[in-house]
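What follows is one structure encoded as structure tokens, with my remarks underneath.
Residue numbering restarts at 1 for every chain, and letters A, B, ... go by the order of the sequence lines.
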2 protein chains.
Amino acid sequence: MAAARQIAGPCQAWPEDSAFIREVLDRIGDKWTVLTIGTLSAGSLRYSDLQASIPGISQRMLTQTLKHLERDGLLTRTAYAEVPPRVEYELTDLGRSLVDAVTAMVGWAAAHHGEIAGNRAASELAGVGRARAAISASAD
Amino acid sequence: MAAARQIAGPCQAWPEDSAFIREVLDRIGDKWTVLTIGTLSAGSLRYSDLQASIPGISQRMLTQTLKHLERDGLLTRTAYAEVPPRVEYELTDLGRSLVDAVTAMVGWAAAHHGEIAGNRAASELAGVGRARAAISASAD
DNA sequence: CAGCATCCGGCGTGATACTG
DNA sequence: CAGTATCACGCCGGATGCTG
């Protein structure tokens, strides 16, 4: 019940509490999850292809991410009992709906990350120490 | 623009590389960041109000989150040199644009988290039990 | 009231080695 | 090829105590 508090101004914009936010972030706030979903968004891939398509991911993280996504019904795992073992992973409809949401997120980031980087650089120049008094003369 | 992309081999669906995704997640993949942005979306608040409005957040995390957001230009910090110190935080336009994006995310989660929870529960019942059908008779 | 410094435990994460 | 198991490390994040 985080929503309705009695402090003066309007409070929480979202009715959901922090536990819910936490759940959301657990699902999509993970680098490898996002990358895996993105890589899979085009179609089904095998384990090794996945690993090759996601630079820097380890077996451990790939397997773990895949398991979580499968458990949540975001993708399907299909193992073929062949002599060279083959396993294919493919997004479900639910998983595809997440692609859209994440893409929106990435779109926002793409649109603003330059601005953010600029702000960050500026504040590091101006705000770091007490030396800012000297700089502010030239900066502002 | 999300899903439809052609793949054949090990290439990414998104042109951006993982470093970029990482940046995005560093910004919005954080529970406290999201909650802080959400709480501030209604208007400016003081430090203590913020802390009271975000259940479970510690000073450390609040301060840290606030600093990061200020550094990135997502919010402004205004300190009043009064005898009882007062500091107000308010979202910038950039910060507000993030609210929209995050709200979309939360909207997705709200629409599907029931489905996800169901899938998870189902796979926990069916997935592990493949090996031991026998124990289910004795255990349950 | 607003904020910082410090200690510390948990676990996310990667590297490596082994199995079916 | 497609994983599983183990270990070691770093960092996140909470609790506490102190300052201006």
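Regarding contacts with the backbone of C/dC1, every side-chain N or O of B/Ser48 stays at 4.0 angstrom or more from both OP1 and OP2.
Listed for the B/Ser44 side chain is no donor-acceptor partner under 3.5 Å among the backbone atoms of B/Tyr89. Looking only at distances, no side-chain donor or acceptor of A/Asp49 sits under 3.5 Å from a matching main-chain atom of A/Leu45. Looking at B/Thr63, its side chain never comes within 3.5 Å of a backbone N or O of B/Arg60 through a donor-acceptor pair. At distances below 3.5 Å, not a single donor-acceptor pair connects side-chain atoms of B/Arg86 with backbone N or O atoms of B/Ala79. With hydrogens and angles ignored, the 3.5 Å screen pairs a side-chain donor or acceptor of B/Thr92 with a backbone N or O of B/Leu74.
The two residues A/Gln59 and A/Tyr47 come nearest to each other via the heavy atoms O-OH, 3.4 Å.
Look at OH on B/Tyr47: it is 17 Å from P on D/dG20, rounded to the nearest Å. In this entry the distance linking CG of A/Asp30 with P of C/dC11 reads 16 Å, nearest Å. At whole-Å resolution of the value, CZ in A/Arg22 and P in C/dC11 are 11 Å apart. In this structure, the CZ atom of B/Arg86 is 18 Å from the C1' atom of D/dG20, given to the nearest Å. Atom-to-atom, CD1 of A/Ile57 to P of C/dA15 comes out at 12 Å; the value is rounded to the nearest Å. Regarding A/Lys31, its NZ atom lies at a distance of 12 Å from the C1' atom of C/dG12, rounded to whole Å. Atoms CD1 (A/Ile54) and P (D/dA2) sit 14 Å apart, rounded to a whole Å. In this entry the distance linking OH of B/Tyr80 with C1' of C/dG3 reads 18 Å, nearest Å.
Counting non-hydrogen atoms under 4.0 angstrom, B/Tyr89 reaches the backbone sugars and phosphates but no base. Residue A/Asp26 is out of contact with every strand shown, counting any heavy-atom pair closer than 4.0 Å.
The listed nucleotides are C/dA2, D/dA2, C/dT13; the one nearest the side chain of A/Pro85 is D/dA2.
Within residues 58-68 of chain A, the residues that have a heavy atom under 4.0 Å from DNA chain D are, in order of number, A/Arg60, A/Thr63, A/Lys67.
Interatomic distance, B/Arg27 CZ to B/His68 NE2, rounded to the nearest 0.5 Å: 10.0 Å.
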